[in-house]
2 protein chains.
Amino acid sequence: MDSTKARILEAAGNVFAQKGFEAGTVREICQLADVNLAAVNYHFGDKRRLYLAAVSHAYSSRQEELAMAEWPPGTAPEDRLRGWVGAMMERLLGEDRQPWHMQLMMREVASPDVACEALVKEYIRPHFEYLAAILKELVPGEVSEERLALLVFSVVGQGLFYRFSQPIMRLLLGDKAYGTLNPQALAEHVTSMMLAALGVCPDVGSEEFVR
Amino acid sequence: MDSTKARILEAAGNVFAQKGFEAGTVREICQLADVNLAAVNYHFGDKRRLYLAAVSHAYSSRQEELAMAEWPPGTAPEDRLRGWVGAMMERLLGEDRQPWHMQLMMREVASPDVACEALVKEYIRPHFEYLAAILKELVPGEVSEERLALLVFSVVGQGLFYRFSQPIMRLLLGDKAYGTLNPQALAEHVTSMMLAALGVCPDVGSEEFVR
DNA sequence: AGTCGTTTCATACAATCGTCTGAAACTTCT
DNA sequence: AGAAGTTTCAGACGATTGTATGAAACGACT
């Protein structure tokens, strides 16, 4: 039955995303997948290759995102930026997301392993270059590659922060104020920050707080 | 000899920062500290309390930062922001930093534990409120607490990203281009992004890239 | 010098880890 | 139906983990 392998992969993604490679045990994964202990060894060889397969599965099952939204020709780059940031925040914080895909990928980003190179090549770089193309249109005049990269990092850095530091933000703001933050509001904040910084939009300080 | 306890704490910080709580072993810590295995149990009770002590030591030994720079009265908030961001980037990426303090704290931020509350209360919140006060002066007119928090997060998020995603950036940019990034240049980028977004400075796109 | 509390040591223990083995169960094809 | 290949199973292996133990070494004080 092939569903065994799939169930192991799913369970491994969950466990590794939640606890990391070392802390997650093969036994726990097999129990969650309702599969015999030896199945991991049979299907994946060993624990490390199971982990790599889980990471690989995480981003390859998300590559439909890379069929980036096709905008009607002539769509303003401001709107494309807004759409891109909104999609990112939805992926990071949205309710209906596959719960562990992003978490596992971020774990690999934080402490990179062999899987990291393929992850960058097949998932991160396409997104990176797509966003860079949008930003390039927004910057008046010429812009160096390094500078363009910094602008991309400013967008992504703000977005990832809201995911990465969720528990800290909750402690800082309190549960009530934290509850008012939602993906759309945060995306609008990041977008208008960038547009204001690039001189496209009015200043951020004078804008309304979007709920 | 009291140096045993100190050496254990130092070694534990290194190991835990590098490998995390589960992957770091008591034996490795004791070997690095050149201390008998049982010393951990004697001085700290068990592994978990050693970890908490290491996290606590990390931020309490960095609390001299909280004696924030005293600016001459009348210093422009732009310059105070520049100074704050520069200090943050230096702490995150500077050469002469205690290598594991920040890494261990970020680990606790990413997957928070019991130590997290104290870390927020005694280290993160003071920094948070100090930066919030600076930004409040930069925003024209009134600003809600939630909005002010978002602005703080935009600054910190960008800064942490450069630390958190170092290996990814290296893979994305290549070693050569990555090498041109230094704490001062990144701090200047973040600062000017914020100032431009808040309408204090000219647009970011038209600025020179600071090396 | 001798006593007492503190600290360090070598060693052992139970538990849990990843991995392996050989047999049973199942699929597939003739 | 029956043989061949594939998948699953229970159980065991050695290695490594955190922790506990009792004796030895040390330091301070009378």
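Atom set for the values below is all heavy atoms of this structure, side chains included, hydrogens, waters and symmetry mates excluded. Residue numbers start from 1 in every chain, and the chains themselves are labelled A, B, ... in the order their sequence lines are given, proteins ahead of strands.
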Neighbour count >12 (heavy atoms, 6.0 Å) for atom [atom1], [X]:
X	atom1	answer
B/Gln63	CD	yes
B/Glu65	CD	yes
A/Gln31	CD	no

Pair A/Glu129 + A/Arg125, salt bridge at N-O below 4.0 Å: yes

Sidechain N-carboxylate O distance under 4.0 Å for B/Arg80, B/Glu137: yes

Rounded to the nearest angstrom, tell me the gap between atom [atom1] in [X] and atom [atom2] in [N].
X	N	atom1	atom2	answer
A/Asn41	D/dG14	CG	P	17 Å
A/Ile8	C/dT19	CD1	P	13 Å
B/Lys47	D/dA20	NZ	C1'	17 Å
B/Gln31	D/dT16	CD	P	13 Å
B/Asp46	C/dA15	CG	C1'	16 Å
B/Arg49	D/dG18	CZ	P	15 Å

Of the listed nucleotides D/dT19, D/dT8, C/dT8, the one nearest the side chain of A/Thr4: D/dT8

Which nucleotide in D/dT19, C/dT21, C/dC9 has an atom nearest any side-chain atom of A/Ala38: C/dT21

Pairs where residues 5-34 of chain A contributes a residue and the test ring-ring contact (aromatic ring centres under 6.0 Å, His included) is met, not counting sequence neighbours: A/Phe16-A/Phe21, A/Phe16-A/Tyr51, A/Phe21-A/Tyr51

Residues touching DNA chain C, which here means a heavy atom under 4.0 Å, drawn from residues 17-29 of chain B: B/Arg27

Overall bend - the helix from C/dA1-D/dT30 to C/dT30-D/dA1, comparing terminal axes fitted on five pairs, nearest 10 degrees: 0°

Quiz item: cation-pi between B/Lys5 and B/Tyr42, 6.0 Å / 45°: no

N or O in side chain of B/Asn36 less than 4.0 angstrom from C/dA10 OP1/OP2: yes

D/dT8 phosphate, OP1 or OP2, under 4.0 Å from A/His43 side-chain N/O: yes

5' priority, DNA chain D, between A/Tyr42 and A/Leu37 [closest heavy atom]: A/Tyr42

Backbone of A/Tyr162 reached by a side-chain donor or acceptor of A/Ser165 within 3.5 Å: no

Any donor-acceptor N/O pair, B/Ser56 side chain to B/Leu52 backbone, under 3.5 Å: no

